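Remember, it's a predicted structure, so these values are computed and weren't measured experimentally. Heads up: numbering here begins at 1 and tracks the sequence.
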Amino acid sequence: MWRRYERCQSAIARLSAHLLELKPDVVVIVGDDQHEMFPGDVIPAISIYGADSLEDLPRPLESLHASQVAGEWAYHGTVPVSRPTNGALGKHLVKSLTKSNFDVTHIRSQPEGRSIGHAYTFIQRRLMGDRIVPIVPIMVNTDHTDSSPSPARCWTLGKALRDAIDSFDEDLRVMVVGSGGLSHFKVDEALDAGVLECLASPHEAAFDWLPDEEMILGTSEIRNWIVTSGALQDRRFELIDYVPAYRSEAGTGCGMGFAIWR
C-alpha cells in the first residue's frame with residue numbers, strides 16, 4: 001500500500017509540474033458533484049458555473065470518518081477559502097453548448113452554505129499549488145443513472161465543449177482537466193485497461209462497450225474522462241501511471257489513472 005501511495009504522489013507531482021509549465025489563464029474542470037453544491041433533490045445532467053468566484057468550504061471534521069480526516073487538507077481544508085472563476089467563459093460555454101443542442105443548467109450563484117465539490121478543489125489544492133488560476137467548473141451527472149449522459153453523449157459533449165472554447169473571443173490559454181477516478185469503490189483492472197486503451201485511440205463509438213451496470217458509484221466518473229477525451233481528441237494521450245490502489249483483500253479501492261493530452 002505504501003508503494004502504491006508513493007506512485008500516486010509521484011504522478012500527481014508530474015501533473016502539477018505540467019500544469020505549472022503550461023501556465024494556463026483558466027482551467028476548465030470536468031467533474032461531478034457529490035451532493036456538495038446540489039443537496040440531491042435537484043440533479044442536473046450537465047451544469048456549468050458562471051459566476052466570478054467560488055467558496056471552498058470546510059466540512060466539520062467530526063462528521064467525517066477517521067480515515068477521511070487525514071486527507072481533508074487536499075479536499076477542503078479547515079478554513080473557508082474564496083477561489084476565482086472565469087464567469088465570462090462559463091456563460092459563453094453555457095450559450096454555446098445550448099446552441100449545440102445540449103440542455104445545460106446555468107449556475108449563476110453558489111447556493112448559500114454549499115461548497116464546490118472536491119472534484120474541483122483537489123485540482124486547485126494538489127495541482128495548482130501556490131499559483132491559483134481561475135477555473136470553470138463543468139458538472140456532469142455521472143452517478144445518478146436515470147439522467148446520466150451515455151458514453152457516446154459524453155464524447156459529443158467534449159467535442160462541443162472544444163468548439164465552444166475555441167469560439168471564445170478572449171485571448172486566453174485554456175486547459176481542460178478531467179477530474180475523477182477510474183473504477184471504484186471496487187477495483188476492476190480489466191475495465192480500467194479497456195478505458196485507457198480507448199482513450200489512446202478515441203472515436204465516438206470507442207466507449208460503447210462500457211456496461212451500464214458497471215458505470216455506477218465511483219466508476220461512473222469515467223464519464224469525465226470521456227468528455228475530456230472528446231475535447232482533446234487532436235492531442236496525444238500519454239499515460240503517466242495507472243495504480244490499482246487496493247484497500248482490502250475484498251478488492252475495494254480505486255483505479256487511479258494519471259494522464260496528459262499533449
task: Identify the heavy atoms of Pro134 and Thr85 that sit nearest to each other, and give their distance.
output: CB-C, 3.9 Å
Flag, side chain of Ser63 to backbone of Arg59, donor-acceptor distance under 3.5 Å: no
- prompt: Can you name the closest pair of heavy atoms from Ala119 and Gly31 and give their distance?
  reply: CB-CA, 4.2 Å
- request: Supply the atom-to-atom distance Asn86 CG to Asp25 CG, rounded to the nearest 0.5 angstrom.
  value: 9.0 Å
CA sep, side-chain torsions, deciding dist, call: Ser201, Phe237, side chain to side chain contact (heavy atoms under 4.5 Å, CB included): CA-CA 8 Å; Ser201 301; Phe237 178 79; over 6 Å; no
message: As an exercise, state the distance from CG of Leu64 to CD of Glu72, rounded to the nearest 0.5 Å.
response: 5.0 Å
field: Nearest heavy-atom neighbours spanning Phe207 and Val195
entry: CE2-O, 4.1 Å
message: Treating Glu221 as the side-chain partner and Gly181 as the backbone partner, does any N or O pair qualify as donor plus acceptor under 3.5 Å?
response: yes
- request: Using distance alone, with no hydrogens and no angle criterion, decide if Asn141 and Ser148 have a side-chain donor and acceptor under 3.5 Å apart.
  value: no
- prompt: Any ion pair linking Asp234 and Arg162 (charged N to carboxylate O, less than 4.0 Å)?
  reply: yes
task: Examine the side chains of Glu55 and Ser82 and answer whether a donor and an acceptor come within less than 3.5 Å of each other.
output: yes
task: Look only at the side chain of Arg125 and the backbone of Trp73, and say whether a donor-acceptor pair between them is shorter than 3.5 Å.
output: yes
- prompt: In this structure, are over 12 heavy atoms from other groups packed under 6.0 Å from Asp103 atom CG?
  reply: no
query: When you look at CZ of Arg173, are more than 12 heavy atoms from neighbouring residues, nucleotides or ligands closer to it than 6.0 Å?
result: no
- prompt: Is the closest side-chain heavy-atom distance between Phe38 and Ile43 below 4.5 Å?
  reply: no
query: Cluster question for you: counting only ILVMFWY and a side-chain heavy-atom cut-off of under 4.5 Å, with indirect links fine, are Val27 and Leu97 together?
result: no
- prompt: Is the backbone of Thr142 close enough, under 3.5 Å, to the side chain of Arg223 for a donor and an acceptor to pair up by distance?
  reply: yes
message: Using side-chain heavy atoms (C-beta onward) and a distance below 4.5 Å, is Tyr246 in contact with Met1?
response: no
Cluster check Val227, Val94: I/L/V/M/F/W/Y, side chain < 4.5 angstrom: yes
message: If you apply the rule side chain to side chain contact (heavy atoms under 4.5 Å, CB included), what do you find for Ile116 with Glu36, and how did you get there?
response: CA-CA 6 Å; Ile116 185 65; Glu36 291 147 324; over 6 Å; no
query: Does any non-hydrogen side-chain atom of Glu204 lie less than 4.5 Å from one of Thr156?
result: yes
message: To the closest 0.5 Å, what do you measure between CD1 (Ile135) and CD1 (Ile29)?
response: 4.0 Å
message: Between Asp163 and Lys159, does any NZ, NE, NH1 or NH2 come within less than 4.0 Å of an OD or OE carboxylate oxygen?
response: no
field: Polar side-chain atom of Asn224 near backbone of Ser179 as donor-acceptor pair, under 3.5 Å
entry: yes
- prompt: Would you call Val140 and Asp33 a side-chain contact if the rule is heavy atoms closer than 4.5 Å?
  reply: no
query: Are Ile132 and Val28 in one and the same hydrophobic cluster, where Ile, Leu, Val, Met, Phe, Trp and Tyr link if side-chain heavy atoms are under 4.5 Å apart?
result: no
query: Can you name the closest pair of heavy atoms from Pro111 and Met37 and give their distance?
result: CD-CG, 3.7 Å
field: Cluster link Met128 to Leu89, ILVMFWY, side chain under 4.5 Å
entry: no
statement: Residues Cys198 and Trp209: closest non-hydrogen pair is SG-NE1, 3.3 Å
- prompt: Looking at side-chain heavy atoms only, is the closest gap between Leu54 and Pro137 below 4.5 Å?
  reply: yes
Interatomic spacing from CD1 in Ile165 to NE2 in His92 - rounded to 0.5 Å: 8.5 Å
- request: Give a yes or no on whether Glu197 atom CD has more than 12 heavy-atom contacts from other residues, nucleotides or ligands under 6.0 Å away.
  value: no
- request: Supply the atom-to-atom distance Asp192 CG to Tyr242 OH, rounded to the nearest 0.5 angstrom.
  value: 3.5 Å
query: Checking side chain to side chain contact (heavy atoms under 4.5 Å, CB included) for the pair Arg3/Glu6: CA distance, chi angles, key distance, verdict?
result: CA-CA 5 Å; Arg3 286 194 295 270; Glu6 289 290 342; 5.7 Å; no
message: With side-chain hydrogen bond (donor to acceptor under 3.5 Å, both in side chains) as the criterion, how do Thr121 and Asp56 come out once you've worked through the C-alpha distance, each side chain's angles and the decisive distance to 0.1 Å?
response: CA-CA 7 Å; Thr121 61; Asp56 179 1; 4.7 Å; no
Plane angle bin for Phe122 and Tyr75 - parallel if under 30°, tilted between 30 and 60°, otherwise perpendicular: perpendicular
field: Shared hydrophobic cluster for Met175 and Val133 (ILVMFWY, side-chain gaps under 4.5 Å)
entry: yes
field: Gap separating the CD1 atom of Ile240 from the CE atom of Met256, nearest 0.5 angstrom
entry: 13.0 Å
- prompt: What are the two closest non-hydrogen atoms of Leu239 and Leu196, and how far apart are they?
  reply: CD1-CD2, 4.0 Å
- prompt: Does the side chain of Leu161 reach to within under 4.5 Å of the side chain of Leu93, using non-hydrogen atoms?
  reply: yes
message: Can a donor-acceptor pair be found, under 3.5 Å and without considering hydrogens, that links the side chain of Thr219 to the backbone of Ser183?
response: no
query: Given side chains that start at C-beta, do those of His106 and Val104 come closer than 4.5 Å, heavy atoms only?
result: no
- prompt: Can you tell me if Thr105 and Ser47 form a side-chain donor-acceptor pair at under 3.5 Å?
  reply: no
query: So, is the end of the Arg153 side chain (NZ or CZ) under 6.0 Å from the ring centre of Phe102 and within 45° of the ring's axis?
result: yes
- prompt: Around Asp171, counting heavy atoms of other residues, nucleotides and ligands shown, do more than 12 lie under 6.0 Å from its CG?
  reply: no
query: So, do Leu19 and Pro24 sit near enough that their side-chain heavy atoms are less than 4.5 Å apart?
result: yes
task: Verify side-chain hydrogen bond (donor to acceptor under 3.5 Å, both in side chains) between Gln9 and Arg126, making sure each step is shown before the conclusion.
output: CA-CA 10 Å; Gln9 301 312 307; Arg126 293 304 316 268; 3.1 Å; yes
task: Would you please test Thr252 and Val187 for side chain to side chain contact (heavy atoms under 4.5 Å, CB included) and show each step?
output: CA-CA 6 Å; Thr252 59; Val187 178; over 6 Å; no
message: Using only atom types and a distance under 3.5 Å, with no angle test, would you say the side chain of Ser167 pairs donor to acceptor with the backbone of Ala164?
response: yes
- prompt: So does Glu238 pair up with Arg236, basic N to acidic O under 4.0 Å?
  reply: yes
task: Indicate yes or no for a side-chain donor-acceptor contact from Arg114 to the backbone of His35 under 3.5 Å, with no hydrogens or angles considered.
output: yes
field: Backbone of Leu182 reached by a side-chain donor or acceptor of His184 within 3.5 Å
entry: yes
- prompt: Between the side chain of Asp143 and the main-chain N/O of Leu217, is any donor-acceptor distance below 3.5 Å?
  reply: yes
